[in-house]
Amino acid sequence: MTPPIQVRKALRSFRYAFQGIISLFQVENNARIHFVAAILAIILGFFLHISSLEWALIVTQIALVVAAEAFNTALEKLADVVSPEYHPLIKSVKDLAAGAVLIMAISAVVVGLLIFFPKLAQYFI
Ligand SMILES: Nc1ncnc2c1ncn2[C@@H]1O[C@H](COP(=O)(O)OP(=O)(O)OP(=O)(O)O)[C@@H](O)[C@H]1O
């Protein structure tokens with residue numbers, strides 16, 4: 001009988017998921033840019049003593065951008081296997097996926113500005 005929770009299988013799935021995350025940052029230039037931006041936001045968060053709610057927003061924004069980048073990369077790779085030659089629908093698929101990342105990145109920049117700008121202004125103005 002199959003046990004209700006298969007721990008070994010769950011651990012194996014985690015390992016594959018981590019391999020995916022590591023390969024994202026190893027291979028994708030945009031993912032590395034987002035990674036650096038995330039580190040800067042975290043350093044700024046500590047430096048400016050942001051609240052728990054502000055941390056929750058920053059962490060959520062970082063996760064959304066990285067997750068969108070991972071989906072975009074997965075779609076790009078799949079598209080490259082399915083149709084290495086030019087196809088108008090593949091163009092649409094890749095542009096839409098890239099657009100989703102851009103929407104998330106703009107949202108992250110806006111949230112970052114809303115949280116950090118007033119605090120930074122106190123230092124400099
Ligand atoms: N097979 C294809 N058919 C049609 N258009 C494509 C195809 N491959 C790429 N494109 C177009 O070129 C753009 C860039 O595609 P590409 O796969 O090079 O992505 P990228 O954003 O440069 O990512 P990466 O550098 O990680 O490969 C796509 O958004 C799409 O408009």
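Both W55 and L44 belong to a common hydrophobic cluster when Ile, Leu, Val, Met, Phe, Trp and Tyr are linked at side-chain heavy-atom distances under 4.5 angstrom. I50 is not connected to L64 by any chain of hydrophobic side-chain contacts under 4.5 Å among Ile, Leu, Val, Met, Phe, Trp and Tyr, and they are in different clusters. By the criterion of side-chain heavy atoms lying less than 4.5 angstrom apart, applied directly or through intervening Ile, Leu, Val, Met, Phe, Trp or Tyr residues, F18 is not grouped with Y16; the two fall into different hydrophobic clusters. When hydrophobic clusters are built by joining Ile, Leu, Val, Met, Phe, Trp and Tyr residues whose side-chain heavy atoms come closer than 4.5 Å, directly or via intermediates, L120 is grouped together with I43. Under the 4.5 Å side-chain contact rule for hydrophobic residues, L48 and F124 share a cluster.
With values rounded to the nearest 0.5 angstrom, L78 atom CG is found 10.5 Å from S83 atom OG. Between the CD1 atom of I42 and the CD1 atom of I58 there is a distance of 9.0 Å, given to the nearest 0.5 Å. Of the inter-residue distances, the one linking D95 atom CG with I90 atom CD1 reads 11.0 Å to the nearest 0.5 angstrom. To the nearest 0.5 Å, atom CD of residue E69 and atom CG of residue N30 are 5.0 Å apart. Once rounded to the nearest 0.5 Å, the distance linking NZ of K91 with CG of L96 reads 10.0 Å. Between atom CG of residue L102 and atom CG of residue N72 there is a gap of 10.5 Å, rounded to the nearest 0.5 Å.
In plain terms, the two heavy atoms of S107 and Q61 that are nearest each other are OG-OE1, 2.8 Å. The two residues V27 and R32 make their nearest non-hydrogen contact at N-NH1, 4.1 Å.
Within the 4.5 Å cutoff, no side-chain heavy atoms of V81 are placed close to those of K77. Residues H34 and I39 form no side-chain contact, since every pair of their non-hydrogen atoms from C-beta on lies 4.5 Å or further apart.
Look at K119 and E54 and you find a salt bridge, because one of the NZ, NE, NH1 or NH2 atoms lies within 4.0 Å of a carboxylate O, short of that distance.
Between the S92 side chain and the P88 main chain, no donor and acceptor come within less than 3.5 Å of each other. When atom types are taken as modelled, the side chain of E76 and the backbone of T73 share no donor-acceptor pair closer than 3.5 angstrom.
In terms of the ring-ring contact (aromatic ring centres under 6.0 Å, His included) criterion, residue partners of Y123 (sequence neighbours excluded) are, by chain and number, F47. Looking at residues two or more places apart in sequence or on another chain, you find no ring-ring contact (aromatic ring centres under 6.0 Å, His included) involving F116.
Under the side-chain contact (heavy atoms from CB on, under 4.5 Å) rule, L57 has a single partner from I115, I62, L114, which is I115.
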Inset, instruction - Apply the test side-chain contact (heavy atoms from CB on, under 4.5 Å) to residues V66 and F25: give CA-CA distance (whole Å), side-chain angles for both, the deciding distance (0.1 Å), then the verdict. - result: CA-CA 10 Å; V66 174; F25 291 115; 3.9 Å; yes

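Applying the 6.0 Å contact sphere to OH of Y86 captures more than 12 heavy atoms from other residues, nucleotides or ligands. Counting heavy atoms of neighbouring residues, nucleotides and ligands inside a 6.0 Å radius, atom CG of L11 exceeds 12 of them.
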